[in-house]
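Both backbone and side-chain heavy atoms feed into the values below; hydrogens, waters and symmetry mates do not.
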Amino acid sequence: MTSVRSLRDATIALYALPNVSYSVAALPLALFVPAFYADDMGLPLAQVGAAIAASRLLDVVTDPLMGQLSDRMRTRFGRRKPWIALGTPILLLALWQLFVPGGREAASLAGLFGWTALLFLGFTIVDVPFKAWGAELSRDYAERSRVAAFREAFGFAGQVGLLLLLLGLAALGLTGAEQQLYWIAVAIVATLPLFVALALAFVAEPPPSERSEPPLELGAGLRLVASNPAFARMVVAVLFFVSGVVVQGTLHRLVLTHVFGRADLFPLMIFAENALTLAAVPLWLRVSYRIEKHRAIALAALWIALFSLALPFFAREAVIPFIVCMVLRGSSFASILFLSNSIVADVVDFDELASGRQRTGLFFGVFGMVTKAAIALGVLIATVLPAALGFDPALATPDDAAVLGMLGIYGFLPGALMAAGAHFLWRFPLTREVQEGLRSRLEARSEG
């Protein structure tokens, strides 16, 4: 195995730094917000899920459009950096309004929908250029995984910090979801602007590699992306993976509350899960070096599936073994995220060689659109299906058939989705050997 280590760790770390706070902003959308608006704000669970899912409909347009816009942007600051600077305050405004709605009387489905939609727009304006920038920092197969691994590891480190904050709040007696979301919002608003400023100031953005890029209509660009067989296979697999993970993430707190009667253990469980997945990043990186990225992702998904299938069988009094199972199950989360993003960067090389254009932003825009659609699908499944089975957080008791049905959705459905995605990705065509051949041909063309 050969690898070109052209980037210093300090450079990659500075690039990845915003993800410490940025990922913290994303985590509560699945783990806190649905349960908070249903349990604490008194809104109907199924309608909460539908409002969050509906707010993602704009992503079908905004994600690929953002990719196109950042690909075409030409300024002395770069193509990606101006958009990141623009999107950060939009994200922070919407996040504050969503996490701190002003009490039960101020909360509404319309407000939930509107602020969630604006938050997702802010995410799009920041996230698509941010990931495209990271993909362009290196052309090397292994080093791209290193860049993505740094970014996702910093993200999980931020989530561990978030959970330490929650544990600290719990020690002070501040265990309510309303109090927790308030302090999460304060932490993000205080840190994200600083981290973004450091990355923008001290990490260079590589210039576009192509000599010229004639204007390309968005619809034509989307058709070209969809015609890329490797990319199509990747996004379908990610649709399975992310929706499966989000189904469980949305139901974590409800399961601990209504099945085990131990909502107080929620921060500890999520903290341990994130700490282990962060610690496992180097292991999964080494696995990807030995057996290829796509097969490492498939193994990581099967690991989650194996433990997920056991979740519905834990008795009410077995809460500690249940949490141990949950923590072990989550140890491969980060690998799925950073290796998927690394593979998308490799797919861009294939497209660039065929088209002569560098459309990194467009590819990551479509990838982001699919990822967000999977998040919305996961939230929708996790709220609508239990409600259809008769589950009501205000009336549920551990022995209700509806609660048992929710537990089945929590374990069996994500297990099946993860296994299906792993099967779909196992024979992925873009291997290390193929990517290194693409890189050599691109370098030869640029030198010629």
Side-chain angles (χ1 to χ4, degrees), residues 27-28 30-32 34-36 38-39 45 156 159-160 162-164 166-167 169-171 175 177 180 241-280 300-336 378-379 381-383 385-387 389-393 395-419:
L27 183 66
L31 295 184
F32 288 86
F36 168 65
D39 261 344
L45 179 62
F156 277 96
Q159 292 176 12
V160 168
L162 163 67
L163 296 162
L164 284 173
L166 295 181
L167 291 173
L169 292 173
T175 58
Q180 291 173 341
F241 295 151
V242 174
S243 59
V245 168
V246 172
V247 166
Q248 289 181 328
T250 303
L251 292 174
H252 280 335
R253 195 178 191 114
L254 292 173
V255 167
L256 279 173
T257 301
H258 299 287
V259 175
F260 296 98
R262 294 299 306 271
D264 59 301
L265 294 177
F266 175 70
L268 180 62
M269 183 183 81
I270 302 301
F271 168 76
E273 183 181 72
N274 279 272
L276 186 57
T277 197
L278 178 60
L302 290 173
W303 178 267
I304 294 173
L306 176 66
F307 285 96
S308 294
L309 294 176
L311 296 178
F313 297 103
F314 284 90
R316 176 177 171 83
E317 61 273 11
V319 65
I320 298 304
F322 168 80
I323 289 176
V324 170
C325 181
M326 287 297 302
V327 171
L328 291 173
R329 155 200 153 278
S331 60
S332 64
F333 279 173
S335 63
I336 293 176
V379 172
I381 290 171
T383 52
L385 283 187
L389 293 175
F391 176 73
D392 184 342
L395 303 174
T397 62
D399 297 325
D400 285 349
V403 172
L404 297 177
M406 177 187 68
L407 195 57
I409 293 167
Y410 182 67
F412 296 145
L413 182 58
L417 290 170
M418 303 306 288

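Residues passing the side chain to side chain contact (heavy atoms under 4.5 Å, CB included) test with Ser243, sequence neighbours excluded: Ala374, Leu377, Leu417. The ring pair (Phe, Tyr, Trp, His ring centres under 6.0 Å) search around Phe314 returns Phe322, not counting sequence neighbours.
A pairwise comparison of heavy atoms in Ala300 and Ser332 identifies O-OG, 2.9 Å as the closest pair. Scanning both residues, Gly261 and Arg316, for their nearest heavy atoms gives N-NH1, 3.6 Å. Listed here is the closest heavy atom pair of Ala305 and Met418: CB-CB, 3.9 Å. Between Pro312 and Ser308, the shortest heavy-atom distance links the atoms CD-O, 3.7 Å. Between Val379 and Pro34 the shortest heavy-atom distance is CG1-CG, 4.4 Å. Scanning both residues, Pro321 and Ala318, for their nearest heavy atoms gives CD-O, 3.3 Å.
Within the structure, side chain to side chain donor-acceptor pair (under 3.5 Å) contacts touching residues 409-418 (residues at least two apart or in different chains) are His252-Tyr410.
Taking the side chain as every heavy atom from C-beta outward, Leu256 and Asp264 never approach each other to under 4.5 Å. Looking at Leu311 and Gln248, their side chains come closer than 4.5 Å, going by heavy atoms from C-beta outward. Annotation: side chain of Phe333 is in contact with side chain of Glu273 (closest heavy-atom distance under 4.5 Å). By the 4.5 Å heavy-atom criterion applied to side chains, Leu385 and Val247 are not counted as neighbours. For the pair Val255/Arg262, no side-chain contact is recorded, criterion being any heavy-atom separation below 4.5 Å from C-beta on.
Atom CD1 of Ile323 is separated from atom CZ of Arg329 by 12.5 Å, given to the nearest 0.5 angstrom. Here the straight-line distance linking atom CG of Leu328 with atom OG1 of Thr277 works out to 11.5 Å at 0.5 Å rounding. Distance check, rounded to the nearest 0.5 Å: CE of Met326 to CZ of Phe307 gives 11.0 Å. Going from atom CZ of Arg253 over to atom CD1 of Ile270 covers 9.5 Å, rounded to the nearest 0.5 Å. Ser331 contributes atom OG, which lies 11.5 Å from atom CG of Asn274 (distance to the nearest 0.5 angstrom). Distance check: Ile409 CD1 to Leu389 CG gives 4.5 Å after rounding to the nearest 0.5 Å.
A ring-centre distance under 6.0 Å is not found for Phe271 and Phe266.
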Output, in order, the C-alpha distance, side-chain angles, deciding distance and verdict of side-chain contact (heavy atoms from CB on, under 4.5 Å) for Leu251 and Leu407. CA-CA 9 Å; Leu251 292 174; Leu407 195 57; over 6 Å; no
